Amino acid sequence: METAMEYGSIERELHIDASPEVVFEVLSSPEHIRDWWSAETAFEPTAGATGRLTWTDEDTGRHDSAPFTVVAADPPRLFSFRWTYDEKETDPEAAGPGNSLLVTFELVPEGAGTTVRFVESGYRERGWEAAVLEAHYNDHRQGWDFYLPRLVATADRLAATR
């Protein structure tokens, strides 16, 4: 018997061999975001700060851009933001409740490392029809499955230099 997929949120738990302070820096610093998420950005990691994430396809030169708003920045325990990433939107409005997805990274010390609890939610709240919801959810699930291991590697590299 096949069960229906739940498209409410994407959740992952990762272990990183770095302190919560290092992991928070990797999550919230434009310099490190460029390394693990391949996005150019500039912002202050404080609640209410806004910015834009921009990805460039090296082969075609095409740029994809998404506005985001920092929801919570509580170093070294929590970093959360809303973003409106949608490849079909050419000029999305500022990220806020109802028009964006909420990404939360909760950092929990564990021994000499950190457990990262990742959640991206807000899919149903976007009001997309079922097929669009499923497509966006699957696109983001695959994206996070690619980028979150890069987050781990970036944090591990930074920790090794300290």
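A quick note: this is a predicted structure, and the numbers were derived from the prediction, not measured. Side chains are part of it too, since the values below use all heavy atoms of this structure and drop only hydrogens, waters and symmetry mates.
Side chain to side chain, Ser80 and Thr104 meet the donor-acceptor criterion of an N or O pair below 3.5 Å. For the residue pair Asp17 and His15, a side-chain donor N or O sits within less than 3.5 Å of a side-chain acceptor on the partner.
At least one side-chain heavy atom of Leu151 sits less than 4.5 Å from a side-chain heavy atom of Phe105. At least one side-chain heavy atom of Pro97 sits less than 4.5 Å from a side-chain heavy atom of Arg82. Side-chain contact between Ser19 and Val22: present, with at least one pair of heavy atoms (C-beta onward) separated by less than 4.5 Å. For the pair Ile10 and Phe118, the minimum side-chain heavy-atom distance is below 4.5 Å. Using a 4.5 Å heavy-atom threshold, the side chains of Arg126 and Leu101 count as touching. Side-chain atoms of His63 and Trp55, non-hydrogen and from C-beta on, never get closer than 4.5 Å to each other. Looking at Ile33 and Phe43, their side chains come closer than 4.5 Å, going by heavy atoms from C-beta outward. Thr41 has its side chain within reach of Phe68: a pair of non-hydrogen atoms, C-beta onward, lies under 4.5 Å apart.
Centroid-to-centroid, the aromatic rings of Tyr123 and Tyr7 stay 6.0 Å apart or farther. Ring pair Trp128/His136: centre-to-centre distance below 6.0 Å.
Taking each heavy atom of Pro45 and Ala73 in turn, the nearest pair found is O-CB, 3.1 Å. Annotation for Pro20 and Gly113: closest pair CD-O, 4.3 Å, computed over non-hydrogen atoms. Of all heavy-atom pairs between Ala42 and Pro30, the closest is CA-CG, 4.1 Å. The two atoms that bring Ala47 and Ala72 nearest to each other are CB-CA, 4.4 Å, heavy atoms only.
A salt bridge links Glu25 with Arg162: at least one charged nitrogen is closer than 4.0 Å to a carboxylate oxygen. Using a cut-off of 4.0 Å between Lys/Arg side-chain N and Asp/Glu carboxylate O, Arg34 and Glu40 are scored as salt-bridged. We find that Arg157 and Asp35 are not joined by a salt bridge, their nearest charged nitrogen and carboxylate oxygen being 4.0 Å or further apart. A salt bridge between Asp139 and Arg141 is absent, with no side-chain N of the basic residue lying under 4.0 Å from a carboxylate O of the acidic one.
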Start with the C-alpha gap between Val116 and Phe24, add the side-chain angles, then the distance that decides, and say whether side-chain contact (heavy atoms from CB on, under 4.5 Å) holds. CA-CA 10 Å; Val116 177; Phe24 186 88; over 6 Å; no
Run the side-chain contact (heavy atoms from CB on, under 4.5 Å) test on Val103 and Trp144 for me, step by step, so that the C-alpha distance in whole Å, both residues' side-chain angles and the decisive distance to 0.1 Å come before the verdict. CA-CA 11 Å; Val103 174; Trp144 289 117; 4.0 Å; yes
Please evaluate residues Glu106 and Arg77 with respect to the criterion side-chain contact (heavy atoms from CB on, under 4.5 Å), reporting the C-alpha separation (whole Å), side-chain torsions for both, the decisive distance (0.1 Å), and the verdict. CA-CA 6 Å; Glu106 180 186 357; Arg77 294 184 296 273; over 6 Å; no
Going through the distances and angles, do Glu44 and Thr46 end up as a side chain to side chain donor-acceptor pair (under 3.5 Å)? CA-CA 6 Å; Glu44 290 298 319; Thr46 57; over 6 Å; no
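For the pair Thr114 (side chain) and Leu107 (backbone), a donor-acceptor distance under 3.5 Å is absent. A donor-acceptor contact shorter than 3.5 Å links the side chain of Thr60 to the backbone of Arg62. The closest donor-acceptor contact from the side chain of Trp83 to the backbone of Thr69 lies at 3.5 Å or more, if one exists at all. Checked by atom type and distance alone, the side chain of Asn138 pairs as donor or acceptor with a backbone atom of Glu134 at under 3.5 Å.
The side-chain contact (heavy atoms from CB on, under 4.5 Å) search around Glu13 returns Thr115, Arg117, not counting sequence neighbours.
A single hydrophobic cluster is seen to contain both Tyr137 and Leu148, as judged by linkage of ILVMFWY side chains at heavy-atom distances under 4.5 Å, directly or through other members. Val70 and Val119 fall into different hydrophobic clusters, where Ile, Leu, Val, Met, Phe, Trp and Tyr are joined by side-chain heavy atoms under 4.5 Å apart, directly or via other members. No path of Ile, Leu, Val, Met, Phe, Trp and Tyr side chains, each step under 4.5 Å between heavy atoms, connects Leu78 with Val71, placing them in separate hydrophobic clusters. Residue Val108 is not grouped with residue Val23 when hydrophobic side chains (ILVMFWY) are merged at heavy-atom distances under 4.5 angstrom, including chains of intermediate members. A continuous path of Ile, Leu, Val, Met, Phe, Trp and Tyr side chains, each step under 4.5 Å between heavy atoms, connects Val26 with Leu53, placing both in one hydrophobic cluster.
The distance from atom CG of Asp57 to atom OG of Ser38, rounded to the nearest 0.5 Å, is 11.0 Å. The distance from atom CZ of Phe79 to atom OG of Ser29, rounded to the nearest 0.5 Å, is 10.0 Å.
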